[in-house]
Amino acid sequence: MSTFTSDDRNRNESGNEPLDAVVDRYLSRRSVMKGGLGAAIAMIAGGGLTACFDGGGGSNDDPAPSQPTPAPQLKLGFESIRGARLDAIVLAAGYSARTLAPWGTPLNNLANAWRSDGSNTSTDQANAAGMHHDGMHFFPLNNSSSDGLLAINYEYIDQKVLHPNGPTTTNGKRPAEEVRKEINAHGAAVIRIRKVDGIWQVVTNDALNRRFTSATPMEIAGPLRGNANLITPYSPDGTRTRGTNNNCGNGFTPWGTYLTCEENWPGIFVNKGTLPVDQKRIGIGSKSNYGWETPAGDASEVDNEFRRFDLTPTGASATQDFRNEASGYGYIVEIDPYNSAAPATKRTAMGRFRHEGSAYGIPVAGQPLAFYMGDDSRNEYIYKFVSAAAWDPADANSANRLAIGAKYLDNGTLYVARFDDGGNGKWLPLTVNAPTKDGRTLGALYGDLAGIILNTRGAADAVGATPMDRPEWTTVNPFTGEVYVTLTNNSARTAANAANPRVPNVNGHIVRWKDNSNQTDFTWDIFVFGADGGAAPDINRSGLTELNQFASPDGLAFDSRGILWIETDNSDNAVAEYTNDQLLAVIPAQVVDGSGKQVAISATNQTALRRFLVGPNGCEITGITWTPDLTTMFINVQHPDNWPFSEVATDATPAGTKVRSRASTVVIQKLDGGPIGV
Ligand code: FEO
Ligand code: CA
Ligand code: CA
Ligand code: CA
């Protein structure tokens with residue numbers, strides 16, 4: 001994301017103890033025990049924090065049943081590449097990279113071809129690929145690896161690039177047409193794509209092609225459906241809303257639907273009155289990012305399409321103004337890519353916050369499903385939703401996918417994570433009877449479950465969750481069920497160790513944990529610390545070198561073989577001076593100690609982490625998905641400075657040439673047609 005749409009303010013005034021404090025206290029305790037900070041860091045880097053990973057015992061120890069492990073012969077089949085700072089994709093030898101469906105690509109014949117002067121209309125934009133590609137997932141048709149549906153998020157916009165000469169304002173009002181184009185450039189899409197003669201292309205006019213914008217009608221499902229806080233002039237019964245916004249990371253489900261996650265949406269709204277507690281805690285303010293509310297009253301306005309972004313109460317009730325419009329945002333939205341008639345549905349039971357993404361635990365027949373989620377702002381939390389329904393494998397093949405979604409995603413328990421010393425942690429339920437730190441209950445604070453969900457962050461504060469350094473993507477090891485989360489950075493954090501010349505969380509890190517089967521306890525460790533390879537050992541705790549130094553991890557996904565892919569969204573640090581954002585790979589099951597137990601990345605094993613790809617100048621690398629046979633990998637390049645120059649993503653924009661930059665999906669294939677990465 002850009003610093004413009006992201007939330008750099010610390011809105012967490014809970015006083016809950018941040019993870020860095022837990023780690024630092026652990027460090028200092030180890031320092032006393034082991035005789036020095038260096039030894040303590042070696043303990044952490046070498047897996048000293050791993051309660052479950054090193055087989056540490058304890059009353060909460062609840063070893064999972066034995067799982068299959070990745071094929072022992074699995075190994076990365078490429079050499080780590082050096083960093084790069086070019087207007088081009090650079091990637092490992094033996095691979096090709098092509099652009100697919102960059103911003104403005106028409107999906108049907110209602111849209112004109114993309115024009116490099118920015119002059120496409122709002123109607124063109126509503127029928128074309130949106131701006132700033134982010135999370136995505138490939139849904140095969142008939143299990144094909146050459147024909148399928150790409151469900152994709154369009155996170156945010158660059159107004160300067162979207163319009164011919166940037167945004168305009170006259171007498172404090174934005175032009176209606178510009179605002180409509182901006183609204184239509186956000187959201188998500190389902191795009192039919194097919195490989196023809198080895199090259200993936202968009203199937204224009206396919207019946208399954210769909211755009212979801214920040215104006216598309218959507219259903220509200222779960223505890224907030226029909227709630228008084230969802231009543232608007234558009235939906236007097238509180239069951240529907242319009243639009244999804246700032247769709248960042250993504251998830252998908254075992255029954256074949258896409259999950260798109262609403263992250264930095266508060267900036268599209270304005271409230272000039274007194275903020276309700278939920279709006280204050282989540283970051284709605286007295287000024288909107290883009291002024292979408294300003295054309296309200298325009299002669300062309302239809303059904304309050306602009307007025308709805310102004311939350312200021314002006315009428316006698318919620319059916320006379322849009323005081324509740326923002327209550328329809330902050331959710332995970334389920335989309336059935338295979339059924340263009342199925343409405344996008346907001347699954348409110350999964351919590352209301354700045355959702356980054358979602359990953360599900362290994363489904364086990366007869367057991368509930370778990371979905372892991374991060375709230376990406378400084379000092380926010382990690383959540384887990386556990387379904388009330390037990391998993392029935394037959395549901396993976398239902399044709400009525402949204403009914404299956406309702407079964408698993410509308411009823412369940414939302415938990416928030418507390419990371420304790422010594423590598424243990426607790427999932428704290430956000431339920432009516434849940435005790436708060438001050439001896440009350442969440443029910444006493446927020447009334448009912450709907451009130452708790454509306455105020456998810458406040459409820460998490462109240463039960464004592466652990467503030468984290470901006471939780472981004474989660475992913476689950478498909479063989480062991482361990483969950484990994486990127487904590488991208490928290491540059492405002494004061495140094496925990498005054499002897500460090502740099503603030504450690506400029507670089508971010510990756511935490512992993514393993515849930516016990518009781519769903520409420522887990523054990524955790526830090527898998528890898530981002531750092532500049534030349535940094536002091538107490539910053540570069542994983543012993544990274546030029547060949548794998550990274551910072552600000554963001555996108556994160558295991559592929560089906562157990563390779564973990566790490567994408568970065570970095571800027572303004574020593575790593576950024578060395579290289580543009582990148583994609584790295586590692587096989588955690590092979591990062592083990594002498595007894596075969598998984599350990600963290602350290603100086604002794606860091607060559608297991610390899611750089612596969614580097615993006616063009618200015619971009620972040622995000623979004624990742626594969627065809628079932630793993631011979632095609634799709635990633636996204638978001639907000640490049642001066643790229644793409646051609647459909648060959650590795651073609652550098654010539655010096656002196658300036659292109660209108662376009663975020664794009666990048667299709668990676670091996671020159672010999674084999675599976676990616678091995
Ligand atoms: Fe949209 Fe947290 O990155
Ligand atoms: Ca970025
Ligand atoms: Ca992200
Ligand atoms: Ca990010």
Side-chain angles (χ1 to χ4, degrees), residues 1-11 130-137 152-158 185-188 214 244-251 259-268 282-283 289 329-333 353-359 372-383 457 468-475 484-492 505-510 530 550-557 565-573 575-576 580-583 615 618-625 635-640 663:
M1 78 184 75
S2 70
T3 50
F4 181 60
T5 59
S6 68
D7 186 30
D8 282 344
R9 293 254 309 273
N10 174 22
R11 300 178 194 281
M131 223 176 194
H132 286 12
H133 305 36
D134 205 321
M136 65 180 162
H137 191 72
I152 182 166
N153 293 348
Y154 302 117
E155 187 186 19
Y156 73 105
I157 57 169
D158 181 341
H186 283 83
S214 295
T244 188
N245 182 265
N246 260 235
N247 304 74
C248 188
N250 72 289
L259 302 177
T260 183
C261 303
E262 300 178 338
E263 190 196 23
N264 289 312
W265 54 273
I268 63 175
I282 210 148
N289 282 351
Y329 280 76
Y331 303 111
I332 285 183
V333 187
F353 44 91
R354 296 188 188 226
H355 276 282
E356 176 73 22
S358 176
Y372 301 94
M373 307 170 284
D375 179 354
D376 178 12
S377 296
R378 285 179 179 153
N379 303 313
E380 295 301 339
Y381 305 123
I382 293 169
Y383 296 87
R457 283 181 169 185
M468 307 293 279
D469 286 344
R470 296 188 50 201
E472 300 252 23
W473 290 42
T474 50
T475 188
Y484 290 63
V485 64
T486 42
L487 299 169
T488 197
N489 59 55
N490 188 350
S491 55
N505 283 350
V506 165
N507 296 305
H509 53 285
I510 295 176
F550 73 93
S552 306
D554 190 339
L556 187 73
W565 298 83
I566 303 166
E567 300 176 315
T568 69
D569 175 16
N570 188 39
S571 59
D572 301 331
N573 54 34
V575 175
N580 292 341
D581 276 316
Q582 56 184 305
L583 171 65
C619 83
E620 77 178 75
I621 300 296
T622 185
I624 187 162
T625 187
I635 62 158
N636 283 320
V637 166
Q638 190 190 91
H639 59 78

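In listed order, ligands and their atoms are each counted from 1. Worth knowing before you read on, the calculation uses all heavy atoms, side chains too, and leaves out hydrogens, waters and symmetry mates.
Of the residues T486, D134, D554, I621, the one that meets the side chain to side chain contact (heavy atoms under 4.5 Å, CB included) test with D569 is D554.
Nearest to the Ca ion (ligand 4), among the N, O or S atoms that D569 has, is OD2. Nearest N, O or S atom of E155 to atom 1 (Fe) of ligand 1: atom OE2. Residue-level check: among N/O/S atoms of D554, OD2 sits closest to the Ca ion (ligand 4). Residue E356 approaches the Ca ion (ligand 3) most closely through its N/O/S atom OE2. Among heteroatoms of the N, O or S kind in E472, OE1 lies nearest the Ca ion (ligand 3). The minimum distance between atom 1 (Fe) of ligand 1 and any N, O or S atom of E263 involves atom OE1.
The shortest heavy-atom contact between I157 and A185 is CG2-CB, 3.6 Å.
One N or O on the side chain of N247 and one on the backbone of N245 form a donor-acceptor pair closer than 3.5 Å. Looking at T244, its side chain never comes within 3.5 Å of a backbone N or O of G187 through a donor-acceptor pair.
For the Ca ion (ligand 4), the N/O/S atoms of E620 include none lying under 3.0 Å. Among the backbone and side-chain atoms of D376, none of the N, O or S atoms lies under 3.0 Å from the Ca ion (ligand 3).
Ion pair R470/E380 not flagged as a salt bridge, since none of the NZ, NE, NH1 or NH2 atoms sits closer than 4.0 Å to an Asp/Glu carboxylate oxygen.
Using cut-offs of 30° and 60° on the angle between ring planes, the pair Y156 and H639 is tilted.
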